[in-house]
Amino acid sequence: MELPKDPVMLYSVINLKLRDFYADLDALCEDLDLDRAELEQALSAAGFRYDADTNRFL
């Protein structure tokens with residue numbers, strides 16, 4: 001799956017997928033063959049961090 005390069009669009013797509021399809025970030029990364037550290041780094045650079053309690057980036 002090709003993810004958006006723009007961090008705000010990436011944030012939106014990932015949160016939608018987490019909300020609708022995945023129990024947690026690990027499940028999303030495994031299913032989509034994404035490197036969790038790289039994904040978190042890309043979103044962190046834009047000011048977002050993963051919150052496991054709510055299963056979304058804030």
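Note that the structure is predicted; figures quoted are calculated from it, not measured.
Listed for the Y11 side chain is no donor-acceptor partner under 3.5 Å among the backbone atoms of F48.
Atom CG in D26 sits 7.5 Å away from atom OH in Y50 (nearest 0.5 Å). Rounded to the nearest 0.5 Å, atoms NZ (K17) and CG (L3) are 8.0 Å apart. For the atom pair CG of L28 and CD of E30, the computed distance is 10.5 Å after rounding to the nearest 0.5 Å. R56 CZ to R49 CZ: the interatomic distance, rounded to the nearest 0.5 Å, is 10.0 Å. Note that SG of C29 and CD1 of I14 are 7.0 Å apart. Values are rounded to the nearest 0.5 Å. Rounded to the nearest 0.5 angstrom, D35 CG and E40 CD are separated by 9.5 Å.
Tracing side-chain contacts under 4.5 Å through hydrophobic residues (I, L, V, M, F, W, Y), one reaches F21 starting from V13; they form part of the same cluster. Hydrophobic clustering (side-chain heavy atoms under 4.5 Å, transitive across Ile, Leu, Val, Met, Phe, Trp, Tyr) keeps Y22 apart from L16. Cluster membership check: M9 does not share its hydrophobic cluster with L25, using side-chain heavy-atom separations under 4.5 Å among Ile, Leu, Val, Met, Phe, Trp and Tyr.
Of the residues D51, L10, L18, the one that meets the side chain to side chain contact (heavy atoms under 4.5 Å, CB included) test with F57 is L18.
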